[in-house]
Amino acid sequence: MAKTKPAQPAVYDENSILHLDGLEHIRLRPGMYIGSLGDGSNENDGIYILLKEGIDNAVDEFSQGAGTKIDIEIKDGRVKIRDFGRGIPLGKLEDCVSNVNTGAKYNSNVFKQAIGMNGVGIKATNALSSYFRAASVRDGKMAVVEFSKGVKISSKTGNAKPGVPNGTYLEFEPDTEIFGKYSFNMEYVEKRLWNYAYLNPGLTLKCNGKEYLSENGIQDLLLNEMGGESKALYPIFNYQGDNNLQFVLTHGASLDKYIYSFVNGQSTDDGGTHVTAFLDGFTKGVNEFYKKEYDIKDVTSGLYVAIKLGLDNPMFTSQTKNKLGNVEVRAPIIKETQIAVDDWLRHNPDIAGTLEEKIIKNQKARNEINSVTEKQIREAEKSVMLKIKKLKDCRYHLQDGPKGANSMIFITEGDSATGSMVGSRDVSYQAIFSLRGKPENMYGRKKSALFENEELKNLTFSLGIQKDIEGLRYDKIIIATDADNDGFHIRNLVMTYLLLYFEELVLTGHVYILETPLFRVRNKTKTVYCYSEESRDKEVAKMGKSAEVTRFKGLGEINPSEFGQFIFPRKEGESEDKGMHLTPVTIQSIKNVPEVLKFYMGKNTPERRDFIVHNLAQEIDA
């Protein structure tokens, strides 16, 4: 066989070096600035980051003592935000919304402990919007500037209408060239607006006519997430320190801990140094008071806490600011928390007694679970041995460092889908676990029952979480079932298993659902899989009368030679219908999980039967 000649490298000279201005670079590499793109179906999709950047600037005005209300409108994909702060200086309005690294947030005399510190946020909103308008009013004068996709289309200055208060106005519409067909999920928006209200007592946010206002700040947040004061084992401890640290805490009856953390009004969902320091300080304070050496797991099991920290120079691990990286805050937070907790317990002997009872219960429960689990794990290990049935493993896992950082396991329904996937996957980082059918409904069963079920035992060992979730072998756990009633039922049974025994996997963002195409459109020369009716209609129009449309149900129906397009990331430049479509499984309100599981997976109550009758064709997710 003749050898093919290696491809010749492209010419690399001075003409190969390109210079992009700030907004051009944002449009070319949006992920660097706003994380994922998405269509709005996930709360971390880029359109919510654009919204956040606009609101952050308005909230920063309130935090500096200027303006007590923010008006927001979200309609037909367009966002309008009006604050009543000082207003951006008129002569610098254009620079502040278009020139990266230009802004007053670098001046600590003007903005202390602001959310936006990098001078990028609102510029990203400008660059990634098909239409962007900014206006500022200051003392009867105003300036307005308009952009389209980061390119200025108009600007003007002049007198404001009589009586118009000072402040800044932003209006933008995310660019469909970047985000595709998107829509704002108002549940996600409401969650963000409530967080702003909790973190800024006295600030009124009004969105589409609804007001968001909190009088007690993060204490209101904690009570709302818990489901009311009746769920607390003792009265909430509300601490407000001198060093911009505030926390509110109590314990609930469960063994899980729930932490809500914020820095300068920014939700740090992934925690960071302030969270680990608080937990260490809390444990030290407890042990100092009781003169014991309780384990941190027993002290913090069942803990509900909201932490609020103010910093002049926060260092987040990314532009989207989900995790704090400032190491210098660790020692001061540990010390301050330790002293505060010790003092609180000394002044509240009744609470001290209740808390120690809870810690001892946690200790006994953990020892009981560990003793039962360890015995069953040893027995299960003998049966599982080195080869786990129905697992097609990959080469690299999370424990292998960078090589396994993107590892994933697909939980599939039956051998048909598995067979198609096996030939298409990348064996280096994609594993497959095949279910025989519908797994057992584990609702209401103890964890010990998990190891009595052959299939779920094997799945647990496949994931590596038989002892604890720290042994997780894959970054993504992907539930890949068919788009029919049986598939939805299996999906719910798997999620019940995860939520009952390994809820933290969901809370930390490891669980996903693989979205499967709804239609197959083909003719004699071409086959296309479509995820929406709109996409289907476009393909039918392209193919003409020869197009054959099939309502798509099972993964097993996909041609194995084409399966790869559904389990690999979309390549740059490909259409939205290409590539793997994943929907993260999230818990919007933790307090609802027991009730949701009871309703969907418990006994067939009359209410549940009525619901099924009226929603038979709809997808039901826990």
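Just the heavy atoms: all of them, side chains too, but no hydrogens, waters or symmetry mates, feed the values below. FYI, the numbering just counts along the sequence from 1.
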Open item on the list: Does any part of the side chain of Val585, heavy atoms only, come nearer than 4.5 Å to the side chain of Leu499, both counted from C-beta?
Closed with: no
Task: Residue pair Phe282, Leu303: steps toward the side chain to side chain contact (heavy atoms under 4.5 Å, CB included) verdict - done: CA-CA 11 Å; Phe282 181 73; Leu303 179 68; 4.3 Å; yes
Open item on the list: Do Pro174 and Phe184 have side chains that approach each other closer than 4.5 Å (heavy atoms only, starting at C-beta)?
Closed with: yes
Open item on the list: Looking at Ile465, is its backbone amide N or carbonyl O close enough to the side chain of Thr460 to form a donor-acceptor pair, meaning the two atoms are under 3.5 Å apart?
Closed with: no
Task: From Leu309 atom CG to Leu324 atom CG, the distance as rounded to the nearest 0.5 Å - done: 7.0 Å
TODO: Before giving the answer on side chain to side chain contact (heavy atoms under 4.5 Å, CB included), spell out for Leu199 and Ile218 the whole-Å C-alpha distance, their side-chain angles and the decisive distance to 0.1 Å.
DONE: CA-CA 6 Å; Leu199 293 165; Ile218 56 175; 3.7 Å; yes
TODO: Go through the structure and list residues passing salt bridge (Lys or Arg N to Asp or Glu O under 4.0 Å) with Asp426, not counting sequence neighbours.
DONE: none
Task: Heavy-atom closest contact (Ser462 atom, Ile409 atom, distance) - done: CB-CD1, 4.4 Å
Task: Leu514 to Ala480 - nearest heavy-atom pair and separation - done: CD2-CB, 3.7 Å
Task: Over 12 foreign heavy atoms within 6.0 Å of NZ, Lys284 - done: no
Open item on the list: Around atom CG of Asn406, are there more than 12 heavy atoms from other residues, nucleotides or ligands closer than 6.0 Å?
Closed with: no
Open item on the list: Quick check: closest heavy atoms across Pro517 and Tyr529, and the distance to 0.1 Å?
Closed with: CB-CB, 3.7 Å
Task: Gln246 atom CD, neighbour heavy-atom count above 12 within 6.0 Å - done: yes
Open item on the list: Between Arg395 and Asp400 (salt bridge meaning N to carboxylate O under 4.0 Å), is one present in this structure?
Closed with: no
Open item on the list: What I'd like to find out is whether the side chain of Asn264 reaches to under 4.5 Å of the side chain of Gln266, using heavy atoms alone.
Closed with: no
Task: Any Leu249 side-chain heavy atom under 4.5 Å of Phe278 side chain - done: yes
TODO: With sequence neighbours excluded, tell me which residues meet salt bridge (Lys or Arg N to Asp or Glu O under 4.0 Å) with Arg473.
DONE: Asp393
TODO: Kindly indicate whether the side chain of Ile333, heavy atoms from C-beta on, has any atom under 4.5 Å from the side chain of Glu336.
DONE: no
Task: side-chain contact (heavy atoms from CB on, under 4.5 Å) against Ser130, all qualifying residues, sequence neighbours excluded - done: Glu173, Asp175
- [ ] Go through the structure and list residues passing side-chain hydrogen bond (donor to acceptor under 3.5 Å, both in side chains) with Asn326, not counting sequence neighbours.
- [x] Glu328
Open item on the list: Using only atom types and a distance under 3.5 Å, with no angle test, would you say the side chain of His510 pairs donor to acceptor with the backbone of Asp475?
Closed with: yes
- [ ] Under the side-chain contact (heavy atoms from CB on, under 4.5 Å) rule, collect the residues that match up with Asp45, sequence neighbours excluded.
- [x] Ser36, Asp39, Ser41, Asn42, Tyr48
Open item on the list: Which heavy atom of Leu435 sits nearest to which heavy atom of Val494, and what is that distance?
Closed with: CD1-CG2, 3.9 Å
Task: Intermediate values then yes/no, side chain to side chain donor-acceptor pair (under 3.5 Å), Thr481 and Glu413 - done: CA-CA 5 Å; Thr481 60; Glu413 172 190 351; 4.7 Å; no
Open item on the list: Could you work out, with ring pair (Phe, Tyr, Trp, His ring centres under 6.0 Å) as the rule, every residue matching Tyr396, not counting sequence neighbours?
Closed with: none
Task: Leu391 side chain near Asn458 side chain, heavy-atom distance below 4.5 Å - done: no
Task: Qualifying residues under side-chain contact (heavy atoms from CB on, under 4.5 Å), relative to Thr176, sequence neighbours excluded - done: Tyr182
Task: Separation of Ile513 CD1 from His581 NE2 (nearest 0.5 Å) - done: 14.5 Å
- [ ] Drop me the distance from Ile307's CD1 to Leu279's CG, to the nearest 0.5 angstrom.
- [x] 6.0 Å
Task: Test salt bridge (Lys or Arg N to Asp or Glu O under 4.0 Å) applied to Glu177 - qualifying residues, sequence neighbours left out - done: Arg27, Lys149
Task: Qualifying residues under side-chain contact (heavy atoms from CB on, under 4.5 Å), relative to Leu221, sequence neighbours excluded - done: Asn195, Tyr198, Glu225, Tyr260, Phe262, Ala306
Task: Side-chain touch Leu459/Tyr497, heavy atoms, less than 4.5 angstrom - done: yes
Open item on the list: Is it the case that the side chain of Asp280 and the backbone of Ile334 share a donor-acceptor pair, with hydrogens and angles ignored and the cut-off at 3.5 Å?
Closed with: no
TODO: Name all residues meeting the ring pair (Phe, Tyr, Trp, His ring centres under 6.0 Å) criterion together with Phe172; count only those two or more places apart in sequence or in a different chain, and write none if there are none.
DONE: none
- [ ] Output all residues satisfying ring pair (Phe, Tyr, Trp, His ring centres under 6.0 Å) with His397, sequence neighbours left out; order by chain, then residue number.
- [x] Tyr474
Task: Candidate pair Asp295 and Lys297, rule side chain to side chain contact (heavy atoms under 4.5 Å, CB included), full reasoning - done: CA-CA 5 Å; Asp295 189 282; Lys297 290 182 180 178; 3.2 Å; yes
Task: Residues, nucleotides or ligands: over 12 heavy atoms within 6.0 Å of Lys257 NZ - done: no
- [ ] Supply the atom-to-atom distance Arg192 CZ to Glu43 CD, rounded to the nearest 0.5 angstrom.
- [x] 7.0 Å
Task: Donor-acceptor contact present, side-chain Ser532 to main-chain Ser535, <3.5 Å - done: yes
- [ ] Give the minimum heavy-atom separation between Thr412 and Ser434, together with the two atoms involved.
- [x] OG1-CA, 3.5 Å
TODO: Look only at the side chain of Thr268 and the backbone of Ser261, and say whether a donor-acceptor pair between them is shorter than 3.5 Å.
DONE: yes
- [ ] Measure the NZ-CG distance between Lys52 and Asn44 for me, rounded to the nearest 0.5 Å.
- [x] 11.0 Å
TODO: List for me each residue that meets side-chain hydrogen bond (donor to acceptor under 3.5 Å, both in side chains) alongside Asp298, sequence neighbours excluded, and say none if there are none.
DONE: Arg366
Task: Gap separating the OG atom of Ser254 from the OH atom of Tyr304, nearest 0.5 angstrom - done: 5.0 Å
- [ ] Might you point out which heavy atoms bring Ile178 and Leu37 nearest each other, and give the distance in Å?
- [x] O-CD1, 3.6 Å
Open item on the list: Run the side chain to side chain contact (heavy atoms under 4.5 Å, CB included) test on Leu245 and Thr337 for me, step by step, so that the C-alpha distance in whole Å, both residues' side-chain angles and the decisive distance to 0.1 Å come before the verdict.
Closed with: CA-CA 9 Å; Leu245 173 66; Thr337 304; 4.0 Å; yes
